[in-house]
Amino acid sequence: MSEITLTFPDGAKRSVRKGITGKELAESIAKSLAKRAVAMVVDGRLADLADPITADAAVKIVSRTDPEALELIRHDAAHVMAEAVQALWPGTQVTIGPVIENGFFYDFAKAEPFHPDDLAKIEAKMHEIIARNAPFTKEFWSREQAKDFFRKKGELFKIELVDAIPEGEDLKIYKQGEWLDLCRGPHMTSTGHIGKAFKLTKFAGSYWRGDHNNAQLQRIYGTAWATEQELTAYLRQIEEAEKRDHRKLGREMDLFHFQEEGPGTVFWHANGWTIFQEIVGYMRRRLKGDYREVNAPQLLDKSLWETSGHWGWFRENMFMAQSAGEDTEDERVFAIKPMNCPGHIQIFKHGLRSYRELPLRMSEFGIVHRYEPSGALHGLMRVRAFTQDDAHVFCTPEQMAEECLKINDLILSTYADFGFDGEMTVKLSTRPEQRVGSDEAWDHAERIMSDVLKQIEARSHNQKIRTAINPGEGAFYGPKFEYVLRDAIGRDWQCGTTQVDFNLPERFDAFYIAADGSKTTPVMIHRAICGSMERFLGILLENYAGHLPLWLAPVQAVVCTIVSDADAYAGTVLAALQQAGLRAQIDLRNEKINLKVREHSLTKTPVILVVGKREAEEGKVSMRRLGGQDQRVMPLAEAVAALAEEALPPDLKRAGARARLAP
RNA sequence: GCCGCAGUAGCUCAGGGGUAGAGCAACGCAUUCGUAAUGCGUGGGUCGGGGGUUCAAAUCCCUCCUGCGGCACCA
């Protein structure tokens, strides 16, 4: 009998009989290990404990509490959920049930919709199945055997799945007691290892194979963890995220609202608009010098959008406008702009351009309207009318790489200024199936951009910038970079984008006079940093949980009196704050200081300046910061100076520091 | 757009065929108080819109709108 050599995580090597199973191996090492063992990792791949090991390998026995077991717990839970559903509603077809971040789901085909109360019923049944602790066993079936079985059971989707498994690949059936499922595995040794730390969280509609032309299925989501503590921690984290919901904060901080007549369009209140304008102001300062800001029309004749290709590609997502007059003879059809680029090309084309003007960087805080599907709308994050911090760089092919890098620096430094200093991902999206332009042009653009991506990676000294490729996800007119930032609670948001476009300038016959006197088509780079200002503001709100840094807070400080004797002095304090450029308010109401502090804290005002008799006599203020319990009493002038300094936007703070350093 | 759920006072929510409710907020009065809710009182609603069933509809049925959770979409 031949032997093989296994290497263990601690580096120890051991000769064993070829074909030894993980279970036997664990038993040979220690009884206690065998008892704990639920699976194994062979050469980096999770495998069933019952699998034979047939060659030299690095082996780790996995016990339930190992991190590797978590995905097994979740996957096993998905199987148990499927069994539970079929037990409760015979005739329900099962489809697929994968592990996802933090949990799992399973998609079912069932005529009657699930009811909210069903989740508890399914959970109860799952606990029963888990308590039975039936072993997971694996069998290899032939295609015919499997299809025959599923046909008899009425599992039409499973038959499709069998057919989709490539010829020559094993077809695995996992049994847990009576119930079985087609599955790629692996699984733990028995259902009992799933434990009790799971919860079904929600259900939803989904489509078979993710295609909306296919049958609609019903999906149930669950979360599962190794321990109850982890489950509770996870559920608490969800609650935390809900507290940060920008729609809730928007109401509490009186920033904006939505109403029925304007689905997907924002009513900005004074507070919200102050933040909005502060962000725009920051962006304008960052663009100064390099970019020229323009403004193109909101409404343009349909023909222009036919030329640009939008009417053909995105008509379903565009708003159209006409004269509303009943007896007007003007029947021209206009489109409300869904993008700024066609307008910018018109500006570029107006007059003769020379190569000496390139790169020509044209920016606009343009409001665009897109008819988003109703189901996609979501607070500020997905709206039908939004402001882009948009720009188009017209340049020569030679200038392209440098422009992309310049934009990269601008984007990354902007995110840092807004407090996103964690991990960041830059993704290169390459040619999609549906596209315009020659393959040569795509080859060229993708080559340049992957070079740029490598340079971006090389520039990331702090290791926080990760790069990736998104095959087939590019725009129809060219490849693009997508900038994904990570917020304070670990969620990723795609905001910035840099898109190379060799299609639009050609469609509009845009050209410049090259050095040799010939007419040459420029390359156009679309870029946005915040993307949608509305959405970016929403992300900021959730990132900071409403506790905005002073420079972004709509009301930066509020002066609160304790007794009416301090009213006059409070007025002096307010005037001093406003004089220093701070957005300040005053609260002279005949209310207890406790109430005032509570109310201004609930609206997330960063600074509360309390003044009573003592402060009025001494010319001081008692400063309390949002979220803090304590307060500092200090001279008025000192407080105003400190706040004014803190309230400077980060770019101006840098400029101030430079100015002070200068001779 | 698709599946499910929901829409009652400014906000959070109760009421499920028989005269619309609570807390907070608002308003009025009293209270001048030292860092997250002072007390008492008063007003407030076509129960998302439209249609139907019924002697009678917030409540049951149909339809549309909007929102929420997913799916699909996201130039």
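What you see below is based on every heavy atom in this structure, not just the backbone, and it leaves out hydrogens, waters and symmetry mates. Reminder, nothing fancy here: chain letters follow the sequence lines and each chain counts from 1.
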Identify the pairs formed between an N or O of the protein and an N or O of nucleotides 73-75 of chain B at a distance under 3.5 Å, and give each distance.
residue, atom, partner, partner atom, Å
C73(B), O2, R382(A), NH2, 2.7
C73(B), N3, R382(A), NH1, 3.0
C74(B), O2, R382(A), NH1, 3.2
A75(B), O3', Y477(A), OH, 3.0
A75(B), O3', Q499(A), OE1, 3.3
A75(B), O2', Y477(A), OH, 3.3

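Rounded to whole Å, the C1' atom of U8(B) lies 4 Å from the corresponding atom of C47(B). Across A57(B) and G17(B), the matching C1' atoms stand 6 Å from one another, rounded to whole Å.
Taking the six-membered ring where the residue is Trp, F203(A) and F114(A) present parallel rings, their angle staying beneath 30° rather than reaching 60°. Ring orientation note: the planes of F481(A) and Y483(A) are nearly perpendicular, at an angle over 60° on the 30°/60° scale.
Between F314(A) and Y371(A), a ring centre-to-centre spacing not shorter than 6.0 Å is recorded. Centroid-to-centroid, the aromatic rings of F105(A) and Y221(A) come within less than 6.0 Å. Taking the ring centroids of F267(A) and H257(A), they lie under the 6.0 Å cut-off. Aromatic pair F198(A)/W225(A): centroids not less than 6.0 angstrom apart.
Look at H378(A) and you won't find any side-chain N or O under 4.0 angstrom from OP1 or OP2 of G67(B). Between R589(A) and the phosphate of U32(B), there is no side-chain N or O to OP1/OP2 separation shorter than 4.0 Å.
Separating the CG atom of D254(A) from the C1' atom of A25(B) is a distance of 13 Å, rounded to the nearest angstrom. Remark: P of C71(B) and OH of Y106(A) are 18 Å apart, rounded to the nearest angstrom. Rounded to an integer number of Å, the gap from K243(A) NZ to U12(B) P is 17 Å. One interatomic measurement links the two molecules: NZ of K248(A) to C1' of G67(B), which rounds to 17 Å at whole-angstrom precision. The interatomic distance linking Q259(A) (CD) with G10(B) (C1') rounds to 14 Å, in whole Å. Taking atom CZ on F203(A) and atom P on C68(B), their separation rounds to 18 Å, with Å as the unit. In this structure, CG of L119(A) is placed 12 Å from P of C5(B), rounded to the nearest angstrom. For the pair K202(A) NZ and A6(B) P, the interatomic distance rounds to 18 Å; values are reported in whole Å.
Counting distance only, with no hydrogens placed and no angle test, the side-chain atoms of Y207(A) and the base atoms of G1(B) include a donor-acceptor pair under 3.5 Å.
Using Watson-Crick or G-U wobble geometry with both donor-acceptor distances under 3.5 Å, G4(B) finds its partner in C68(B).
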(request) Going 5' to 3' through nucleotides 34-45 of chain B, assign each nucleotide B (protein heavy atom under 4.0 Å from a base atom), S (under 4.0 Å only from sugar-phosphate atoms) or - (no protein heavy atom that close). (result) BBBBB-------

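F508(A) is listed as a side-chain neighbour of L304(A), based on a closest heavy-atom distance under 4.5 Å. In this structure, the side chains of V621(A) and V633(A) stay at 4.5 Å or more apart for every pair of heavy atoms.
Nucleic acid contact for R625(A): none, since no nucleic acid atom lies under 4.0 Å from a heavy atom of the residue. Backbone-only engagement by Y221(A) is indicated by non-hydrogen atom pairs under 4.0 Å involving sugar-phosphate atoms exclusively. Within 4.0 Å (heavy atoms only), E260(A) reaches at least one base atom of the nucleic acid.
Panel note: side chain K337(A), backbone L299(A); no donor-acceptor pair is recorded below 3.5 Å.
Annotated as anti: G28(B), whose glycosidic dihedral deviates from 0 by more than 90°.
Checked options Y477(A), F476(A), F502(A); the residue passing with W442(A) is F502(A) (criterion: ring-ring contact (aromatic ring centres under 6.0 Å, His included)).
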